[in-house]
Trainee: 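First the structure, which I've put down as structure tokens, then a few questions once you've had a look.
Note: hydrogens, waters and symmetry copies are ignored here, and every other heavy atom, side chains too, is used.
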Amino acid sequence: MNLELIVQDLYQPSTIDETTWSDWFRDWLQTPGLDLPPADTYELSLRLTNDSEIQSLNSQFRDRDEPTDVLSFAAMEVDFPPLPDETADVSLYLGDIIISVDTAAIQAAEHGYSLEKELAWLAGHGLLHLLGWDHPDEASLLLMLHQQEKFLSCVGL
């Protein structure tokens, strides 16, 4: 499977390099049970930013004028459209994930995690949203959290 990942990191030098991010997302996308639509290449972007920028985006797109840890902007609807077999050799753009490193650092300290682990946790959560996962209730949230744990485990975190 091919992955085209664009990483915009406002915190250069980051604790996680672009190659590591690409490896992680590639591994996560190959996790059994994700039910991805067929494509030769999957594309997504990851932006690591600060509380100020993510608060602005959260206000603009979610009507919540406060910082948050992660935002996801899925390019596809929750239910993937059926794709003809001949489209399997094209790229499929999944969307954008934006993470506040400021909030991630606070949460990492609260949970006793490294910043690297918290960023991976949030990126995994964002990826699940891009793939149509949501958590409107406790049961859905627990499924999502379990999948995030699988993501961390498969990359050694």
Side-chain angles (χ1 to χ4, degrees), residues 1-51 53-54 57-58 67-80 83 88-157:
M1 180 211 332
N2 295 315
L3 173 69
E4 290 184 17
L5 174 67
I6 297 170
V7 177
Q8 299 172 329
D9 189 347
L10 300 181
Y11 284 83
Q12 293 289 354
S14 177
T15 58
I16 304 168
D17 62 41
E18 192 165 339
T19 301
T20 300
W21 279 119
S22 291
D23 291 344
W24 287 355
F25 278 105
R26 190 175 295 105
D27 289 349
W28 295 344
L29 287 169
Q30 295 179 77
T31 302
L34 286 187
D35 196 30
L36 290 172
D40 183 51
T41 303
Y42 297 93
E43 300 175 16
L44 65 117
S45 72
L46 172 67
R47 182 172 176 88
L48 302 170
T49 190
N50 57 33
D51 275 351
E53 181 179 43
I54 209 162
L57 293 168
N58 203 22
T68 189
D69 51 6
V70 61
L71 292 172
S72 298
F73 297 95
M76 299 175 53
E77 294 295 322
V78 171
D79 294 322
F80 292 118
L83 297 173
D89 62 350
V90 298
S91 294
L92 182 61
Y93 183 67
L94 298 175
D96 307 308
I97 300 169
I98 303 165
I99 298 174
S100 170
V101 178
D102 295 339
T103 298
I106 292 167
Q107 291 176 175
E110 289 172 351
H111 296 117
Y113 296 162
S114 67
L115 179 57
E116 177 184 53
K117 183 175 180 177
E118 184 68 17
L119 290 171
W121 177 261
L122 294 172
H125 188 84
L127 177 62
L128 290 173
H129 278 300
L130 295 186
L131 298 176
W133 292 53
D134 203 1
H135 44 86
D137 54 49
E138 188 70 21
S140 299
L141 177 61
L142 290 175
L143 286 173
M144 231 172 142
L145 295 175
H146 178 70
Q147 185 63 48
Q148 285 172 248
E149 289 172 6
K150 288 167 73 174
F151 283 170
L152 290 184
S153 179
C154 87
V155 297
L157 295 173

Trainee: Are Leu5 and Leu44 packed together at the side-chain level, in the sense that at least one heavy-atom pair is separated by less than 4.5 angstrom?
Mentor: yes

Trainee: Any non-hydrogen side-chain atom of Asp102 less than 4.5 Å from a side-chain atom of Ile54?
Mentor: no

Trainee: To the nearest 0.5 Å, how far apart are CG in Leu3 and CG in Leu29?
Mentor: 6.0 Å

Trainee: Rounded to the nearest 0.5 Å, what's the gap from OG on Ser45 to OH on Tyr93? Could you check?
Mentor: 4.0 Å

Trainee: Is the shortest heavy-atom distance from the side chain of Phe73 to the side chain of Ile98 under 4.5 Å?
Mentor: yes

Trainee: Flag yes if more than 12 heavy atoms outside Leu141 fall under 6.0 Å of its CG atom; otherwise flag no.
Mentor: yes

Trainee: Using every non-hydrogen atom in the two residues, find where Val70 and Gly126 come nearest and quote the distance to one decimal.
Mentor: CG2-CA, 4.3 Å

Trainee: Quick check: does any side chain N or O of Ser153 sit under 3.5 Å from a backbone N or O of Glu149, one acting as donor and the other as acceptor?
Mentor: no

Trainee: Using side-chain hydrogen bond (donor to acceptor under 3.5 Å, both in side chains), reason through Asp23 and Thr20 one step at a time and then give a plain yes or no.
Mentor: CA-CA 5 Å; Asp23 291 344; Thr20 300; 5.5 Å; no

Trainee: Mind listing the closest non-hydrogen atom pair of Ile99 and Ala104 along with its distance?
Mentor: CG2-CB, 4.5 Å

Trainee: Can a donor-acceptor pair be found between the side chains of Ser91 and Glu43 at a distance below 3.5 Å?
Mentor: yes

Trainee: How many angstroms lie between CD1 in Ile106 and OG in Ser100, if you round to the nearest 0.5 Å?
Mentor: 7.5 Å

Trainee: Measuring only between side-chain heavy atoms, which start at C-beta, is Trp121 closer than 4.5 Å to Asp69?
Mentor: no

Trainee: Atom CG of Leu128 and atom CD of Gln147: how far apart are they, to the nearest 0.5 Å?
Mentor: 5.5 Å

Trainee: Taking atom NE2 of His125 and atom CG of Leu71, what is their separation to the nearest 0.5 Å?
Mentor: 10.0 Å

Trainee: Tell me, do Trp24 and Leu127 make a side-chain contact under 4.5 Å, heavy atoms counted?
Mentor: no

Trainee: Going by heavy atoms in the side chains, are Leu10 and Val101 under 4.5 Å from each other?
Mentor: no

Trainee: State, yes or no, whether a side-chain contact exists between Val7 and Asp17 at a heavy-atom distance under 4.5 Å.
Mentor: no

Trainee: What I'd like to find out is whether the side chain of Arg47 reaches to under 4.5 Å of the side chain of Asp96, using heavy atoms alone.
Mentor: no

Trainee: So which atom in Cys154 and which in Asp27 form the shortest heavy-atom distance, rounded to 0.1 Å?
Mentor: SG-CB, 4.0 Å

Trainee: Would you name the heavy atoms of Ala108 and Ser114 that are closest together and state the gap between them?
Mentor: CB-O, 3.8 Å

Trainee: Indicate the atoms forming the closest heavy-atom contact of Lys150 with Thr31, along with that distance.
Mentor: CE-CG2, 4.4 Å

Trainee: So which heavy atom on Leu152 is nearest to which on Ala120, and how close?
Mentor: CD2-CB, 3.6 Å

Trainee: Just verifying a value: how many Å separate Leu122 CG and Thr103 OG1, rounded to the nearest 0.5 Å?
Mentor: 9.0 Å

Trainee: Would you call the rings of Trp28 and Phe151 parallel, tilted or perpendicular, taking 30° and 60° as the class edges?
Mentor: parallel

